[in-house]
Amino acid sequence: MQGKPNVGILSMQRVQNSGSFLQAYGLQHALQGLGCQTQFVDFHLQEPSGFKQKLKSSHPGLWGAVRQAKSVLQGQNRPARETIRLSDAFEHQYDSEFFPLLSSQRDFNFAPALDLLVIGSDEVFNCAQYADAGKQIPWELYGEGNRAKRLISYAASFGATTLEDLERLGIREKAAKLLNSFSALSVRDDNSSEIVQVLTGKTPQLHIDPVLLYPFSEILLEKPEPFDYILVYAYNNRLRAEEAEQIQAFAKRHGKRLLCVNNFQDFCEEKRVASPLKVLSYFRFADYVITDTFHGSVLSIKYHRPFGAFIRTSNRQKMSFLLHQFGLDSRKVEEPETLAKILETPISYQPVDEILLKKQGQALEYLSRCLERISPQ
């Protein structure tokens with residue numbers, strides 16, 4: 001094969017979220033390491049990416065009124081006001097500073113001509129989340145309208161979407177037709193695997209998230225704070241009061257400060273806005289990690305942290321499978337009262353690393369095989 005293949009990545013890279021950034025970065029660099037030139041590909045949304053920023057710039061008065069109203073609803077709660085301020089700061093910096101670390105493509109890039117289009121990873125097949133919100137489903141995430149010679153997925157996920165959802169929404173046949181147009185299918189969890197098997201009659205390969213695939217060895221990891229801390233990595237203020245109480249009690253008992261980065265909790269003493277690449281250091285040097293997110297669990301595994309993962313209805317499928325495949329079912333926090341015992345139970349990471357090494361090899365073999373089957377433009 002002469003020349004470098006021109007490979008597009010259709011993912012969630014514009015979502016203002018550290019995990020979304022890191023999985024896109026990881027897949028991009030893994031493909032470049034296999035000899036590709038890469039570009040990110042966008043999809044259309046009924047409410048386009050960057051909607052908040054566009055509202056801020058086009059209707060600053062309206063946006064200011066929205067934020068002021070939210071602040072009033074929070075009353076005189078200083079931690080709540082600080083959370084709002086930092087959330088706004090992260091959103092602004094993501095577009096202006098963090099996204100450029102991932103790509104120089106500031107303009108949207110729809111359906112370019114490519115040798116290969118890779119859809120994934122993350123919840124690219126989670127179509128029910130759009131339909132249930134009253135939005136049009138962006139079928140580009142299933143490959144519709146692409147102009148690539150070959151189409152594959154990598155570690156794609158249906159998220160909380162189930163076969164029953166596809167039937168309920170009347171979109172099963174369309175999803176099946178589009179999935180059958182893929183040359184190769186790779187997913188990251190058993191729910192997604194089951195859906196693909198039922199819709200296509202084919203068994204997709206199961207692969208790890210790019211954050212676990214790519215080593216990020218070019219990123220210098222340094223202790224980001226001079227004090228010992230517990231990293232609380234959960235969606236903004238989604239932790240319930242009883243969960244926060246258990247977290248605070250554990251931190252007090254162990255003499256640690258509670259810190260959150262890019263996802264903010266009112267009860268944490270320390271709050272930080274940081275580049276998603278610096279978030280790697282926050283995980284690496286945390287004394288403990290408490291999370292309710294998929295990538296929070298992924299990064300805890302990657303950097304061998306003692307961690308506890310809150311399991312919820314919205315994350316049960318993907319989180320349970322992730323933990324199970326690495327033999328870490330014991331890290332699931334089903335009830336707040338079990339958190340301390342889970343965090344204080346040591347993790348033997350040797351068998352975890354053995355599983356990870358095997359899965360990294362399988363993923364690279366899959367991507368390499370897909371690349372061998374294309375002819376560059």
Side-chain angles (χ1 to χ4, degrees), residues 12 15-26 79 82-83 86-87 89-91 93-94 98 122-123 159 209-212 216 219 221-225 227-241 243-248 250-251 254 256-312 314-316 318-320 322-323 326 328 331-334 336 338-340 342-343 347:
M12 299 293 176
V15 175
Q16 295 162 330
N17 176 280
S18 298
S20 298
F21 176 104
L22 290 169
Q23 62 85 23
Y25 182 102
E82 180 72 354
T83 294
L86 290 171
S87 295
F90 174 67
E91 291 173 3
Q93 286 184 249
Y94 191 93
F98 303 153
D122 227 327
E123 296 185 14
D209 186 89
V211 177
L212 288 170
F216 293 85
I219 306 301
L221 300 180
E222 297 180 307
K223 188 170 183 180
E225 303 292 344
F227 52 83
D228 294 337
Y229 61 91
I230 297 172
L231 180 60
V232 182
Y233 193 81
Y235 289 113
N236 287 2
N237 284 326
R238 190 165 78 170
L239 293 168
R240 300 190 297 270
E243 294 169 344
E245 289 173 6
Q246 291 293 329
I247 294 169
Q248 289 173 300
F250 181 86
H254 289 266
K256 311 290 184 185
R257 295 184 70 78
L258 292 173
L259 181 148
C260 53
V261 56
N262 295 349
N263 292 306
F264 304 105
Q265 316 301 322
D266 290 347
F267 64 86
C268 287
E269 301 101 322
E270 307 288 344
K271 304 179 179 72
R272 301 288 186 270
V273 173
S275 158
L277 293 174
K278 189 173 181 180
V279 168
L280 300 176
S281 290
Y282 276 101
F283 273 88
R284 168 64 183 82
F285 291 97
D287 292 300
Y288 300 92
V289 176
I290 299 167
T291 187
D292 71 348
T293 77
F294 178 84
H295 282 109
S297 299
V298 161
L299 288 165
S300 299
I301 294 169
K302 186 177 185 72
Y303 293 116
H304 293 186
R305 295 300 85 201
F307 74 101
F310 282 101
I311 303 299
R312 312 188 188 286
S314 59
N315 69 17
R316 180 172 296 278
K318 59 184 179 181
M319 293 275 277
S320 294
L322 171 71
L323 298 176
F326 287 102
L328 294 170
R331 311 316 290 187
K332 293 194 291 187
V333 182
E334 302 277 4
T338 66
L339 175 65
I342 290 170
L343 290 174
I347 301 173

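- Within the 4.5 Å cutoff, no side-chain heavy atoms of Pro276 are placed close to those of His295.
- Rounding to the nearest 0.5 Å places NZ of Lys302 at 5.5 Å from CZ of Phe216.
- Without hydrogens or angle criteria, Asp266 side chain to Asn237 main chain gives no donor-acceptor distance under 3.5 Å.
- No side-chain heavy atom of Asn262 sits under 4.5 Å from any side-chain heavy atom of Leu86.
- The backbone N or O of Asp292 sits nowhere less than 3.5 Å from a side-chain atom of Arg312 that would complete a donor-acceptor pair.
- With values rounded to the nearest 0.5 angstrom, Phe90 atom CZ is found 4.0 Å from Ser18 atom OG.
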* To do: Tell me, with the steps shown, if Ile347 and Ile301 meet side chain to side chain contact (heavy atoms under 4.5 Å, CB included).
  => CA-CA 10 Å; Ile347 301 173; Ile301 294 169; over 6 Å; no
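- With a 4.5 Å cut-off on side-chain heavy atoms, Asn17 and Tyr94 do not count as touching.
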* Asked: side chain to side chain contact (heavy atoms under 4.5 Å, CB included) between Thr291 and Leu299: does it pass, once the steps are laid out?
  -> CA-CA 10 Å; Thr291 187; Leu299 288 165; over 6 Å; no
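- The side-chain heavy atoms of His304 and Arg284, taken from C-beta on, include no pair separated by under 4.5 Å.
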* **Worked verdict on Val289 versus Tyr303 for side chain to side chain contact (heavy atoms under 4.5 Å, CB included)** => CA-CA 11 Å; Val289 176; Tyr303 293 116; over 6 Å; no
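- For residues 259-285, every residue pair satisfying the ring pair (Phe, Tyr, Trp, His ring centres under 6.0 Å) rule, not counting sequence neighbours, is listed here: Tyr233-Phe283.
- Using cut-offs of 30° and 60° for the angle between ring planes, the Phe21 and Tyr25 rings count as parallel.
- Rounding to the nearest 0.5 Å places CE of Met12 at 7.5 Å from CD of Glu123.
- Distance NZ/Lys318 to CG/Asp209: 10.0 Å, rounded to 0.5 Å.
- Judged as a side chain to side chain contact (heavy atoms under 4.5 Å, CB included), and not counting sequence neighbours, Glu245 has no contacts.
- Arg331 places a side-chain N or O within donor-acceptor distance of the main-chain N or O of Ile342, the cut-off being under 3.5 Å.
- To the nearest 0.5 angstrom, Ile311 atom CD1 is 7.0 Å from Ser297 atom OG.
- Residues His254 and Tyr288 form a side-chain contact, since some pair of their non-hydrogen atoms from C-beta on lies under 4.5 Å apart.
- For the pair Gln23 (side chain) and Ser20 (backbone), a donor-acceptor distance under 3.5 Å is present.
- Side chains of Gln93 and Gln16 form no contact here, defined as non-hydrogen atoms less than 4.5 Å apart.
- For Asp287, the salt bridge (Lys or Arg N to Asp or Glu O under 4.0 Å) partners at least two apart in sequence or on another chain are Lys256.
- Within the model, atoms CG of Asn315 and CZ of Phe294 stand 10.5 Å from one another, a figure rounded to the nearest 0.5 Å.
- In this structure the side chain of Asp228 reaches within 4.5 angstrom of the side chain of Lys223, judged on heavy atoms.
- Note on Glu225 versus Arg257: no salt bridge recorded, every NZ/NE/NH1/NH2 to OD/OE distance being 4.0 Å or above.
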* Asked: Would Phe307 and Leu231 satisfy side chain to side chain contact (heavy atoms under 4.5 Å, CB included), going step by step from the backbone distance to the final call?
  -> CA-CA 9 Å; Phe307 74 101; Leu231 180 60; over 6 Å; no
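- Within the 3.5 Å criterion, the main-chain N or O of Leu258 finds a donor-acceptor partner in the side chain of Glu269.
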